[in-house]
Protein chains: 2
Amino acid sequence: MPRPRSFSETDIAAAALAVIDHDGLAALSMRAVAVRLGLGTMSLYRYVSDREQLEGLVVDLVLSAVDTTPPPDLPWNEQLTVLVERARDAVAAHPQVVPLTLTHRHTSASVLRWAEAVLGVLTAAGFTGDRRAVALRCLLGHLIGSIQMDHLGPLSGAGTEAMARLSPEAHPLLAETAHGAREIGAGDEFRGGLHILLLGLRASLDEAAEAGPEVTNR
Amino acid sequence: MPRPRSFSETDIAAAALAVIDHDGLAALSMRAVAVRLGLGTMSLYRYVSDREQLEGLVVDLVLSAVDTTPPPDLPWNEQLTVLVERARDAVAAHPQVVPLTLTHRHTSASVLRWAEAVLGVLTAAGFTGDRRAVALRCLLGHLIGSIQMDHLGPLSGAGTEAMARLSPEAHPLLAETAHGAREIGAGDEFRGGLHILLLGLRASLDEAAEAGPEVTNR
DNA sequence: GTCCGTAGGCGTACGTCATACGCCTACGGA
DNA sequence: TCCGTAGGCGTATGACGTACGCCTACGGAC
């Protein structure tokens with residue numbers, strides 16, 4: 001084994017993440033990452049076969065930070081709240097990475113770990129079969145949707161501006177809502193939505209019990 | 001007024017959409033769109049100041065197709081279901097445009113129209129203030145999340161493959177869920193999730209009523 | 001201590017992209 | 001008939017991802 005590798009995959013990912021955090025997602029390029037590692041552009045290809053794979057490493061680094069052990073001694077809905085919020089926080093720590101997270105989500109082992117943990121809580125709560133799959137999908141959907149809305153919607157400014165400009169009479173309710181929404185933080189909206197979702201999940205569980213145990217697996 | 005314009009904004013958007021639908025999102029370039037219009041590359045800039053703006057036109061064209069008049073003579077939750085599903089269907093008709101939809105969502109007048117309609121139904125149902133804002137956000141979040149999951153998750157193949165490969169013993173619940181989920185369609189999952197969400201919204205309304213009318217505006 | 005094959009490092013080059021700039025020219029009102 | 005406006009486009013620039021092929025540093029075998 002001649003010439004040991006100078007960098008680990010984590011080193012590469014950290015360098016790319018540093019580029020993104022420092023100069024924005026648009027500045028992420030093979031050249032920029034190579035420079036940050038003190039490497040020639042093409043040397044980076046000794047570690048990564050592709051820009052695609054580089055992006056995957058970044059996403060995995062960001063998502064590896066989420067703790068997927070469910071908090072004990074809590075009812076299932078609060079356990080789910082904690083798990084979902086942890087995932088949200090991990091992504092929120094690197095706003096610029098959001099678009100990459102959405103694209104590379106399915107290739108990351110960290111996401112699978114998280115999903116497994118959520119499924120564990122759901123199972124313990126009594127969810128099975130398709131109902132459990134839908135519940136997971138629902139939670140993940142809310143998570144992804146919220147991340148999207150927080151970091152590509154109002155944050156980019158264009159959204160709020162466009163809304164404020166077009167709204168006056170054509171969209172009275174929207175204008176009122178947008179105005180009121182300025183008071184309420186993105187985090188509160190996220191938690192409020194999650195609360196509603198969990199109310200729905202509980203109701204869904206009741207529906208299943210009511211229909212009789214023999215069709216619980218629907 | 002010398003030299004009338006040869007193309008409308010809709011013509012431009014339609015050309016770009018044609019490129020995307022025919023050759024994929026990656027094939028979308030100023031050159032390709034110009035060629036499809038029988039124009040030189042730089043002439044396109046007479047109509048659009050930017051690639052950004054071009055993408056915005058495409059999104060607005062796709063989203064302009066959704067009918068935002070709530071179906072009458074239905075309970076509010078079914079009205080919401082219809083509105084959300086219409087939006088989903090419009091986007092699903094052009095799978096390749098999904099990433100653009102997510103990025104340019106907030107600049108599209110069609111989205112504002114849709115949001116206004118949803119807010120109308122929510123208001124009639126008794127939602128007000130922050131609770132209404134959260135409800136809207138929740139529905140939009142579910143919509144966006146589902147669109148993401150449908151068209152970047154399993155569809156891309158890599159997701160399901162990676163899951164099937166890594167799952168065996170490390171992620172037993174996930175493996176079971178993924179296996180079972182193959183039977184259930186994306187549409188069913190979307191509707192199932194929406195159903196859960198609406199159960200949650202109803203419960204949230206009950207919560208508000210229970211807390212007393214004087215705090216309804218929370 | 002010497003040698004050698006492996007694998008790291010990189011310089012160059014290519015094709016594609018968005019787009020700034022400035023030139024021609026078709027047109028419609030005067 | 002003429003002219004100014006605005007459409008159309010050729011050229012050029014700089015950034016990007018990455019294919020290719022060359023040097024060279026290293027660590028085990030002898």
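All values derive from a computational prediction rather than experimental measurement. Naming convention: chains lettered A, B, ... in sequence-line order (proteins, then strands); numbering from 1 in each chain.
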Rounded to whole angstrom units, what separation is found between the CG atom of A:Leu44 and the P atom of C:dG9? 10 Å
Reckon A:Ser6 has a side-chain N or O less than 4.0 Å from the OP1 or OP2 of C:dG8? no
Partner nucleotide, any strand, of C:dA30 [Watson-Crick/G-U, under 3.5 Å]: D:dT1
Could you tell me whether the side chain of A:Arg46 has a donor or acceptor atom within less than 3.5 Å of a complementary atom in the base of C:dG9? yes
Whole Å only: how far is the CG atom of B:Leu39 from the P atom of D:dG10? 11 Å
Pick the closest DNA chain C nucleotide for A:Tyr47 and for B:Met30 by heavy atoms, then say which residue is nearer the 5' end. A:Tyr47
Would you classify A:Arg5 as touching base, sugar-phosphate or nothing, given that sugar-phosphate means primed atoms plus P, OP1 and OP2, and contacts are heavy atoms under 4.0 Å? sugar-phosphate
How long is the line joining CG of A:Asp11 and P of C:dG9, in whole Å? 12 Å
Considering every strand shown, what is the Watson-Crick or G-U wobble mate of C:dT25 when both distances are under 3.5 Å? D:dA6
Considering all heavy atoms of both residues, which atom of A:Phe7 and which atom of A:Tyr47 are nearest to each other, and what is their separation? O-CE2, 3.2 Å
In this structure, how many angstroms lie between the C1' atom of D:dG8 and the CZ atom of B:Arg31, rounded? 16 Å
Using a distance-only test with no angle check, is there a side-chain donor-acceptor pair under 3.5 angstrom linking B:Arg88 and B:Ser146? no
Would you call A:Asp188 and A:Arg191 a salt bridge, using N to O less than 4.0 angstrom? yes
Classify the nucleic acid contact of A:Thr41 as base, sugar-phosphate or nothing, counting any heavy atom under 4.0 Å across all strands shown. base
For B:Phe7, report the nucleic acid contact type (base, sugar-phosphate, nothing); a contact means any heavy atom under 4.0 Å. nothing
Are B:Thr123 and B:Arg132 linked by a side-chain donor-acceptor pair shorter than 3.5 Å? yes
As its Watson-Crick or G-U partner within any shown strand, both distances under 3.5 Å, D:dA12 has C:dT19
In whole angstrom, give the distance that lies between atom CD of B:Glu9 and atom P of D:dG7. 13 Å
A:Glu52 vs B:Met42, nearer the 5' end of DNA chain D by closest nucleotide: B:Met42
Heavy-atom closest contact (B:Gln79 atom, B:Pro70 atom, distance): NE2-CB, 4.0 Å
Closest to the B:Asp50 side chain, choosing from D:dG17, C:dA18, C:dT19: C:dT19
Could you tell me the separation between the CZ atom of B:Arg51 and the C1' atom of C:dA20, rounded to a whole number of Å? 18 Å
Distance, rounded to the nearest Å, where A:Glu55 contributes CD and D:dC16 contributes P: 14 Å
Listed nucleotide nearest any side-chain atom of A:Ser43, set C:dT19, C:dC10, D:dG8: C:dC10
